[in-house]
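Chain letters run A, B, ... following the sequence lines, proteins first, then strands; residues in each count from 1.
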Number of protein chains: 2
Amino acid sequence: MELNKEEILHYEKNYRANLINSVSGFKSANLIGTVSSKGNTNLAIFSSVIHVGANPPLIGLLMRPVSVPRHTYLNIKETSQFTINHVNSSIYKNAHLTSARFNEEESEFTKCGLTEEYLNDFKAPFVKESKIKMSVKFIEENEIKANSTILIIGEIQSIYLPDNIIEDDGSLNIEKADTAAISGLYSYHKTTLIEKLAYAKAF
Amino acid sequence: MELNKEEILHYEKNYRANLINSVSGFKSANLIGTVSSKGNTNLAIFSSVIHVGANPPLIGLLMRPVSVPRHTYLNIKETSQFTINHVNSSIYKNAHLTSARFNEEESEFTKCGLTEEYLNDFKAPFVKESKIKMSVKFIEENEIKANSTILIIGEIQSIYLPDNIIEDDGSLNIEKADTAAISGLYSYHKTTLIEKLAYAKAF
């Protein structure tokens with residue numbers, strides 16, 4: 001069947017959000033850890049963390065417009081630091097709960113049952129229960145003019161991971177680390193490898 | 001274990017690319033269909049298609065720098081049109097093969113065993129074997145200054161999909177449509193739903 005733009009624009013807001021959030025395919029499941037200059041920690045789930053480049057190692061994070069205060073955005077701008085922590089099947093419920101609107105004084109860590117961890121003097125908090133995590137330094141932001149969303153670009157400073165998931169070619173077996181995938185706004189998935197292919201050559 | 005930036009920068013190029021392409025988590029698996037103004041069709045796999053916004057329905061596509069000619073980019077700029085087609089487990093090998101460097105005159109459709117499909121007078125080709133696909137109109141491009149990658153933003157014109165995957169709340173059950181997920185540069189995964197949660201409320 002076909003759903004065209006005119007129909008989509010007339011759908012009820014939440015129905016449309018669920019639909020359009022589903023059509024891009026599977027998404028990454030990450031918790032972003034930040035701290036304000038006053039020392040308040042924040043933790044927020046994002047399905048919009050993306051690979052941007054390997055040399056230097058860059059990662060991106062698409063954020064909704066900042067017309068309402070968003071602690072993750074404000075903390076990144078104040079401190080130039082954030083952490084990215086993979087969501088796994090043991091913590092997906094806790095991770096999802098971080099999307100609720102808690103007060104500024106309440107840390108999502110406490111409210112959502114996750115544990116702050118501090119590594120190598122990096123000021124932003126990591127999630128202890130996460131198996132693959134990174135410290136990231138803010139580099140630039142780019143505003144998407146069409147809807148005022150903001151693409152935050154950061155440079156990976158350190159990656160923390162179990163040593164048994166690094167493959168011979170440098171790939172990480174994130175499935176072995178139980179990393180989850182997201183579809184839409186609410187669905188959490190585990191994965192099963194179909195096949196790892198090789199560099200594709202023309203013939 | 002920890003891998004820090006200094007170590008990462010000294011890794012062999014492909015090893016580093018495999019590592020950094022893995023750390024963002026699972027990625028979407030989509031084929032981008034385009035046509036040049038001369039009528040040559042092109043098909044390319046991308047793991048960087050992302051959700052950008054629901055109203056209007058916007059979708060993004062991160063592309064490597066255009067210092068070498070990239071047909072997908074050039075065709076989008078020439079025609080302002082592209083299609084996004086979900087990769088499923090029946091076509092992941094064909095889809096991956098589109099990443100090989102074929103000559104400009106050779107269409108990846110023919111070389112990779114996928115079938116061109118034309119819907120509703122949209123000029124860019126769809127992939128007949130794909131179950132969820134969209135026609136997209138180019139809206140804007142944003143250059144990431146840190147590494148000259150380009151974020152293409154498009155507006156969804158129509159979505160074509162099996163009618164039995166639309167849930168009551170508008171979400172698509174993309175797992176039921178056998179949509180694949182990618183990790184790193186070479187690994188294709190199928191998924192199993194852990195749980196569909198609800199809108200998270202503070203307490």
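For B/K128, the NZ atom counts as loosely surrounded, since its 6.0 Å shell holds 12 or fewer non-hydrogen atoms of other residues, nucleotides or ligands.
Judged by distance alone, with hydrogens and angles left aside, the side-chain atoms of B/K145 form no donor-acceptor pair with the main-chain N or O of A/E141 at under 3.5 Å. Remark: the backbone N or O of A/D178 is not paired with any side-chain donor or acceptor of A/N88 at under 3.5 angstrom.
Only the side chain of B/E140 has a heavy atom closer than 4.5 Å to any heavy atom of chain A. For B/S48, no part lies under 4.5 angstrom from a heavy atom of chain A. In this structure, no portion of A/L185 lies under 4.5 Å from any heavy atom of chain B. Proximity to chain A (any heavy atom under 4.5 Å) is restricted, for B/E155, to the side chain, taken from C-beta onward. For B/I8, the part lying near chain A is the side chain, with the backbone staying farther off; criterion is any non-hydrogen pair under 4.5 Å. Looking at B/H96, the atoms closer than 4.5 Å to chain A (heavy atoms on both sides) sit in the backbone and in the side chain alike. Proximity to chain A is absent for every atom of B/A29, based on heavy atoms less than 4.5 angstrom apart. Only the side chain of A/N142 comes within less than 4.5 Å of a heavy atom of chain B; its backbone N, CA, C and O stay farther away. For A/I139, the part lying under 4.5 angstrom from a heavy atom of chain B is the side chain only. For B/N30, the part lying under 4.5 angstrom from a heavy atom of chain A is the side chain only. Only the backbone of A/D168 comes within less than 4.5 Å of a heavy atom of chain B; no side-chain atom from C-beta onward does. Residue B/I84 does not touch chain A at all, counting heavy-atom pairs closer than 4.5 Å. Using a 4.5 Å cut-off between heavy atoms, B/K133 does not touch chain A at all. Heavy-atom distances place both the backbone and the side chain of A/I159 under 4.5 Å from chain B. Using a 4.5 Å cut-off between heavy atoms, B/L119 makes no contact with chain A at all. Heavy atoms of B/A198 lying under 4.5 Å from chain A belong exclusively to its backbone. For A/L172, the parts lying near chain B are the backbone and the side chain together; criterion is any non-hydrogen pair under 4.5 Å. At a 4.5 Å heavy-atom cutoff, the contact between B/N55 and chain A is made by backbone and side-chain atoms alike. Residue A/K93 touches chain B through both its backbone and its side chain, counting heavy-atom pairs closer than 4.5 Å.
Side-chain contact check for A/E108 versus A/F102: some heavy-atom pair is nearer than 4.5 Å. For the pair B/I20 and A/H51, the minimum side-chain heavy-atom distance is below 4.5 Å. Within the 4.5 Å cutoff, side-chain heavy atoms of B/N75 are placed close to those of B/N42. Taking 4.5 Å as the limit, every side-chain heavy atom of A/V35 sits out of range of all side-chain heavy atoms of A/N40. Inter-residue side-chain proximity for B/Y73 and B/T34 is flagged as unmet; no heavy-atom pair is nearer than 4.5 Å. The side-chain heavy atoms of B/S24 and A/S28, taken from C-beta on, include no pair separated by under 4.5 Å. Using a 4.5 Å heavy-atom cutoff, the side chains of B/K131 and B/H86 are not in contact.
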Please assess A/E116 against A/T41 for the test side-chain contact (heavy atoms from CB on, under 4.5 Å), listing each intermediate value before the final yes or no.
CA-CA 9 Å; A/E116 291 181 17; A/T41 58; 2.7 Å; yes
Given side-chain contact (heavy atoms from CB on, under 4.5 Å), test B/I132 with B/N85 step by step and report yes or no.
CA-CA 6 Å; B/I132 302 175; B/N85 308 266; over 6 Å; no
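When the candidates B/A180, B/G53, B/A146 are compared by the number of heavy-atom contacts under 4.5 Å with chain A, B/A146 comes out ahead. Ranked by heavy-atom pairs under 4.5 Å with chain A, the list B/L193, B/L197, B/L19 is led by B/L197. When each of B/I182, B/I166, B/N147 is scored by its heavy-atom pairs under 4.5 Å with chain A, the top score falls to B/N147. Across B/G170, B/G184, B/S158, the residue that shares the most heavy-atom pairs under 4.5 angstrom with chain A is B/G170. Of the residues considered (A/L62, A/N173, A/L151, A/L161), A/L161 shows the highest number of contacts with chain B, using heavy-atom pairs under 4.5 Å. Ranked by heavy-atom pairs shorter than 4.5 Å toward chain B, the options A/S183, A/G25, A/A200 are led by A/A200. The most heavy-atom pairs under 4.5 Å with chain B, out of A/L58, A/V52, A/L97, come from A/V52. Per-residue heavy-atom pair counts under 4.5 Å with chain B were compared for A/N21, A/N14, A/N120, A/N4, and the maximum is reached by A/N21. Of all the listed residues (B/E167, B/E143, B/E175, B/K5), the one sharing the greatest number of non-hydrogen pairs under 4.5 Å with chain A is B/K5. Among A/K111, A/M134, A/K201, the residue making the largest number of heavy-atom pairs under 4.5 Å with chain B is A/K111. Ranked by heavy-atom pairs under 4.5 Å with chain A, the first of B/V49, B/D169, B/I59, B/D163 is B/D169. When the candidates A/I144, A/T179, A/T149, A/I156 are compared by the number of heavy-atom contacts under 4.5 Å with chain B, A/I144 comes out ahead.
Ring-plane geometry between B/F126 and B/F122 is classed as tilted, the angle between the planes lying from 30 to 60 degrees on a 0 to 90 degree scale. Relative orientation of the A/Y92 and A/Y188 rings is tilted, given thresholds of 30° and 60° on the angle between their planes.
Distance check: B/F82 CZ to B/L61 CG gives 5.5 Å after rounding to the nearest 0.5 Å. In this structure, CZ in A/F46 is found 10.5 Å from OG in A/S99, a value given to the nearest 0.5 Å.
Aromatic pair B/Y199/A/Y186: centroids not less than 6.0 angstrom apart.
The closest side-chain donor-acceptor pair between A/T115 and A/E129 falls under 3.5 angstrom.
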